[in-house]
2 protein chains.
Amino acid sequence: MRRKITLKQIARELDVSISTVSKALKNSKEISADTIQKVQAFAKLYNYRPNNIALSLKNRKTNTIGIIIPEIVHHFFSKVIRGVELVANKRGYNVIIGLSNESFSKEVINMEMLANGSIDGFILSMSKETLLQQDYHHYNETMNQGMPIVMFDRVVSDIKCDKVIVDDFNGAKNAVEKLISNQCKHIALITTKDYVSVGRLRTQGYLEALEENKITPQAELILKMDDTLDYEVHLEKLEAEIEQLFKAHKNIDGVFAVNELYALSAMKVARRMGLNVPNDIQVIGFTDGVLSKHSTPSLTTVSQHAQLMGERAADLLIDKIETEFNAEEEQFQTVVINTELVERESTK
Amino acid sequence: MRRKITLKQIARELDVSISTVSKALKNSKEISADTIQKVQAFAKLYNYRPNNIALSLKNRKTNTIGIIIPEIVHHFFSKVIRGVELVANKRGYNVIIGLSNESFSKEVINMEMLANGSIDGFILSMSKETLLQQDYHHYNETMNQGMPIVMFDRVVSDIKCDKVIVDDFNGAKNAVEKLISNQCKHIALITTKDYVSVGRLRTQGYLEALEENKITPQAELILKMDDTLDYEVHLEKLEAEIEQLFKAHKNIDGVFAVNELYALSAMKVARRMGLNVPNDIQVIGFTDGVLSKHSTPSLTTVSQHAQLMGERAADLLIDKIETEFNAEEEQFQTVVINTELVERESTK
DNA sequence: TTTTAACACGCAAACGTTTTCGTGACTTTC
DNA sequence: GAAAGTCACGAAAACGTTTGCGTGTTAAAA
């Protein structure tokens with residue numbers, strides 16, 4: 001077992017200086033043809049590769065981007081990562097991941113761990129706890145140190161940085177319009193509490209679609225779940241509440257849910273109550289997940305193009321990393337990704 | 001915007017040497033109490049953090065581990081990552097990911113990219129293409145350079161390194177025994193072609209369970225799918241073949257599938273043919289996925305404990321990284337993770 | 001033959017750390 | 001009052017690169 005070979009070792013072996021070796025490998029015209037030939041042959045033989053860490057230190061550039069997300073076992077986020085990795089790799093960058101697990105402190109720790117030289121910039125989506133606490137000092141400190149940040153999906157306007165978001169408002173609106181045009185008269189909304197901007201916007205889309213179609217929104221048809229609970233408990237509670245909703249309003253003939261699990265639960269409860277989807281009740285969910293495609297009936301969804309979000313975020317970040325930082329006149333962009341209604345069996 | 005502060009800047013500011021600053025921050029007893037106090041106060045004020053890259057270079061240690069997987073948008077792999085990240089973080093390591101996308105060349109490129117100093121060791125699962133080509137030179141070269149590798153799930157015995165695998169044989173065997181004890185007499189197996197060791201072992205488990213229960217395996221009840229096809233095409237073909245199988249053997253009353261999609265497809269086809277799951281036909285799938293839990297009927301599965309695999313792999317790797325490399329008498333371990341039968345509605 | 005130019009290479013600094021060793025200024029000891 | 005010891009700090013090397021500049025040797029020009 002031999003360690004990786006360095007310039008120094010090649011230099012010693014060939015009895016030239018380190019700089020000569022370095023230049024020879026770059027075909028510098030300062031170096032004679034036979035020295036170049038000799039060095040390159042030797043380097044190839046020993047499979048020389050420059051040490052990334054040394055390069056990073058010298059260039060003050062790591063060619064690595066950090067991505068911090070609340071959870072990885074989640075289709076939306078893993079698709080985003082795939083997108084990030086795709087363009088990062090194409091543009092010569094590595095990707096290092098940190099999971100906040102929806103915790104504020106883990107988010108802070110992870111960011112500090114990476115911000116000390118390990119990466120050139122961040123792509124991140126805020127944890128729920130951070131959204132609740134509204135404490136953004138770690139983002140601002142990071143950016144003050146000259147490290148660019150691109151946020152995606154879960155963003156807040158208080159933070160000045162590049163962002164990639166889904167068009168939640170219109171995605172929701174289109175979905176509800178679809179239900180309306182499919183003759184639904186009483187459309188329920190199943191959503192989360194409003195502290196996540198994403199949920200708020202989807203609710204607004206729902207309301208606007210109703211109003212534009214002269215349907216008066218009814219507060220009783222809106223179910224707001226507290227999603228900070230434990231997952232299992234949450235699911236049971238969810239089903240119970242949906243059942244209650246359906247029983248209290250037998251005329252509900254359409255459901256728009258802000259995520260996959262809510263939509264699936266609605267279908268499950270409906271079936272249990274002897275209702276047929278889509279004949280008695282039509283359901284649309286806002287999601288990119290796998291469940292929709294394989295459920296029975298398969299679920300009509302508002303697709304978020306998660307992978308595309310990742311790609312756009314990575315491009316945005318790398319662009320920023322690679323452009324000269326010009327004065328204080330920095331411009332921040334917000335890229336909006338359009339949603340797409342994927343029609344399946346849960347709607348007519 | 002100020003850049004991150006360095007020892008040199010603190011030294012200049014306080015009019016002491018760099019070494020004094022460094023020592024003062026470490027409470028060295030070489031340094032007087034007031035100098036220590038002064039330096040630490042200043043460092044705190046400016047939020048000094050040592051530069052990771054410089055440390056990595058100096059210590060020849062990055063405290064980062066690389067993980068290379070075929071695909072990230074996949075429950076099994078993302079759960080493994082979560083496990084890896086969990087213990088890596090706990091032990092002071094970062095995780096950098098590379099996706100091979102099931103391609104041999106991408107696997108090689110990714111490994112080379114990371115092997116040049118960026119990380120201290122690899123955790124990886126082989127791409128299908130690598131398994132097919134049986135070209136393992138990149139693993140061996142990496143290990144020859146003193147970089148440890150831990151493989152998980154998809155492994156081959158030709159490569160000498162630490163491994164974490166699922167007990168595929170017994171997992172499959174237990175599942176089939178469950179079907180047998182549930183009175184199934186004609187159990188079909190839906191699997192992939194044999195080049196992945198994992199599939200081969202599961203098939204063996206299936207066979208052994210039958211034989212131990214005096215049931216003669218019938219080759220016609222074994223469906224081997226070619227999973228190198230395009231996903232969509234694959235799925236259609238899969239359903240067609242399952243339907244054909246069911247029609248040709250009306251007495252099939254149990255199905256064991258080596259993955260989630262195969263199991264779900266089997267249930268789907270069964271339902272389409274008017275068969276009731278689990279009354280007419282019982283199904284068990286080998287998987288950790290989400291679909292099983294939310295399908296109707298929910299699917300009984302052989303759970304692989306993916307997160308635990310990730311945790312064990314990370315521990316194994318970090319242990320190896322942190323122990324002195326003692327001579328040529330290196331020992332490699334293979335950790336076997338036991339499976340667990342999670343009973344749901346698709347079995348009686 | 002002397003001056004100039006081209007060539008081929010080495011030196012050294014820099015990136016930000018850590019750590020060994022050396023040293024000047026005091027203090028203690030005899 | 002001289003020798004020895006303690007204290008507090010700085011210089012320098014090392015990790016592995018890249019690159020501007022200096023320099024000795026040779027060849028071409030005057």
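Just so we're on the same page: letters track the sequence lines, and every chain starts at 1. Just so it is clear, the model here is predicted, and its values are computed rather than measured.
Comment: A:Arg154 engages A:Glu102 in a salt bridge, judged by a side-chain N to carboxylate O separation of less than 4.0 angstrom. Ion pairing between A:Arg91 and A:Asp319 holds under the 4.0 Å rule for side-chain N and carboxylate O.
In this structure, B:Asn63 contributes its side chain and B:Gly92 its backbone to a donor-acceptor pair below 3.5 Å. With hydrogens and angles disregarded, a donor-acceptor distance shorter than 3.5 Å links the side chain of A:Ser78 to the backbone of A:His74.
Within the 4.0 angstrom heavy-atom criterion, only backbone atoms of the sugar-phosphate kind lie near A:Thr6; the bases stay farther away. Heavy atoms of B:Leu55 sit under 4.0 angstrom from primed sugar atoms or phosphate atoms, though from no base atom. Contacts of B:Lys26 with the nucleic acid, taken as non-hydrogen atoms under 4.0 Å apart, involve only primed sugar atoms and P, OP1 or OP2.
Between B:Phe152 and B:Phe77, the ring planes are perpendicular. Angles over 60° get that label, and only those under 30° would be called parallel.
Put simply, B:Ser32 has a side-chain N or O that comes within less than 4.0 Å of OP1 or OP2 on D:dC9.
Each of B:Lys29 and B:Ala54 was matched to the nucleotide of DNA chain D holding its nearest heavy atom; the match closer to the 5' end belongs to B:Lys29.
Among residues two or more places apart in sequence or in another chain, the ring-ring contact (aromatic ring centres under 6.0 Å, His included) test is passed with A:Phe104 by A:His138.
When DNA chain C is scanned 5' to 3' for any atom under 4.0 Å from a heavy atom of chain A, the first and last hits are C:dA8 to C:dG16.
Of all nucleotides listed (D:dC21, D:dT18, D:dC9), D:dC9 comes nearest to the side chain of B:Glu30.
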